[in-house]
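Read the structure below first, then the notes.
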Amino acid sequence: MSDTELDLLVLGSGVAGLSAAVRAAETHKMRVGVLTKGELPQATTRWAQGGVAAVLHGDPDSTDLHLADTLQAGAGLCDAEAVRVLVDEGPNRVNELIALGAMFDRDARGELELAREGGHTLARIVHAGGSQTGAEVERALVEAVQATMAAIYEHAFALELIIEGGRCRGITARFPDGSVQEVRATNVLVTTGGAGQLYAVTTNPLEATGDGIAMALRAGVAVADIEFTQFHPTALSVDSMPRPLLTEALRGHGALLRDTTGERFVDELQPRDVVSRAETRRMLELGADHVFLDATGLEQFEQRFPNIAKELAAVGLDPAKDWLPVAPAAHYTCGGIVTDLRGSSSIPGLWAAGEASCSGVHGANRLASNSLLEGMVFGPRAVEAIEAGGSGPEATGAMRTVLGMDPDRPDEVPPGVIGGRFVHLEPIVIAADSPAEDPAVLRNHMQRELTTHAGVLRDASSLEQAAKVVADTMASPRAETVADHELRNLATVARAAVDAALRREESRGAHTREDFPQTSAEFKHRIVFV
Ligand code: SIN
């Protein structure tokens, strides 16, 4: 593509990627490229509602309590060192964002307003425009990156990593004119987000197809915790894709969950996995496809949550009078490309941050409003490591599972390390005469099957059925259009997610096996694809 090799190629344009690009181009004057399959502002980040969890005022909250809440939500699979970095560095990153121009909501005295969400013991979430935090963060970062010398490649679809001599040297990408070209870079940072589009019911935009994670899986880069898809408990139950999100902050302000008979059935401020599970069970018991969020007791709904009020009005709902039909929807991919605390993947020159990564901060279930925070902390950390000459992984964060253990002796776990089970995925062989089917039809079918068979509740037989559908999807040989590539990426991630879900014969965090309802010490490890 370019005659000059970039110092850093950022894939994706959400909070992690743009925070990194600004840091690299502005602070360190690196030659930076940002490559995205859509337009720069078109990232999942802008859909994030609730906010950013960060202890900005100290008293009465403390970063230790934020750390404890994060570990609790993560159900035993967080890396405590990674969470420590997240909660300690988060406040400075939020202040930097404010200095860049991001406008967070403030009270009459000019102090930042703080909200509470599920799994948080205290109100510590800063927000913008009520529940338009992601959009404001994205706006500020897009403007900041556009003011730098970074090269922007829009509508360019990353196809494969270029690995030469054991090091990542760039990518191949499909450009808007249909040409496939190399983009060479000394370092590649994957910030392509998660794979919510695996499911028919999701809060994620159409672009969330797990592209970076799939590329990593194909290249043999370590990927872990991919069985943990988090389902958000309060997506508005209407027939649209993505499903409109009704932010956790509504429950933080006192909104209640009721089943279709009007009964409450769960503590609304439990972490998301607990609430989504309770909802799903209650819906099955009552033969309903939704429960209700009762926000009739909330004052100043329209002033506090203007975007949600607008969405509700569009479907004829008035939150002052109507209970709002909600159901769980796929929301966040907790696992991804395994990284150390600096964002290095298992391959030198390849870095990852944000939802595409598995740094160890989320474990088996992400705490609400820790996702924007993770992006703004770990994106810039990768840049600082590159600037300091770092290359190749260190045994820190989730990478300790990969480097700290002998894959051939997975039972010998060094003290303080979360163990790992290492899985080698066989390459898919596609018969040349397989019929090429419409990718939209295949995607739709796979999404519906995964929702039914690999969703909030799963068991061995439902997962076997899901695995079969994924294998059939992968047999389609077309790889011409962006839709074909997205389908291939979704199926690649689905294959690993279903495989890991089958292997994890326990229930933990966002992974609930009806046939193995207990959490088992035997499974307190990551499932790592290499
Ligand atoms: C929400 O506002 O409920 C979503 C925020 C998040 O995903 O953490």
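Atoms within a ligand are numbered from 1 in the order they appear, just like the ligands themselves. This chain uses plain numbering: 1 for the first residue, then up along the sequence.
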Exercise. Would you call R503-E227 a salt bridge at under 4.0 Å N-O?
Worked result: no
Exercise. In terms of side-chain geometry, is the basic nitrogen of E96 or R23 positioned less than 4.0 Å from the acidic oxygen of its partner?
Worked result: yes
Exercise. Which ligand 1 atoms does H232 reach within 4.0 Å, using its non-hydrogen atoms?
Worked result: 1 (C), 3 (O), 4 (C)
Problem set entry | Aromatic contact, H253 with F305 (centres under 6.0 Å) | yes
Seminar exercise, completed: So the atoms of ligand 1 within less than 4.0 Å of a heavy atom of E248 turn out to be 1 (C), 2 (O), 3 (O)
Seminar exercise, completed: re atom 7 (O) of ligand 1, the protein heavy-atom contact at minimum distance is H331 NE2, 2.6 Å
For this session: List the steps, then state whether side chain to side chain contact (heavy atoms under 4.5 Å, CB included) holds for S345 with I337.
Result: CA-CA 7 Å; S345 79; I337 300 170; 3.8 Å; yes
Exercise. So is S369 close enough to ligand 1, meaning a heavy atom under 4.0 angstrom away?
Worked result: yes
Exercise. Salt bridge check: are E374 and R366 linked by an N-O gap of less than 4.0 Å?
Worked result: no
For this session: Heavy-atom contacts with A368 under 4.0 Å: which atoms of ligand 1 show up? List them by number with element.
Result: 8 (O)
Exercise. Which of the atoms of ligand 1 are close to Q49, meaning less than 4.0 Å from one of its heavy atoms?
Worked result: 2 (O)
For this session: In plain terms, say whether E263 and R282 are close enough for a salt bridge, that is, a side-chain N and a carboxylate O under 4.0 Å apart.
Result: no
Exercise. Closer than 4.0 angstrom: is that true for some heavy atom of A249 and an atom of ligand 1?
Worked result: no
Exercise. In terms of atom number and element, which parts of ligand 1 are under 4.0 angstrom from non-hydrogen atoms of R366?
Worked result: 6 (C), 7 (O), 8 (O)
Problem set entry | Enumerated ligand 1 atoms positioned under 4.0 Å from heavy atoms of T247 | 1 (C), 2 (O), 3 (O)
Problem set entry | E514: which of R277, R458, R281 passes salt bridge (Lys or Arg N to Asp or Glu O under 4.0 Å) | R281
For this session: Measure R272 to ligand 1 on non-hydrogen atoms and call it side chain, backbone, both or neither using the 4.0 Å cut-off.
Result: side chain
Exercise. Does the N or O separation between G50 and ligand 1 drop below 3.5 Å for any pair?
Worked result: yes
Problem set entry | side chain to side chain donor-acceptor pair (under 3.5 Å) involving D88 - partner list, sequence neighbours excluded | R84
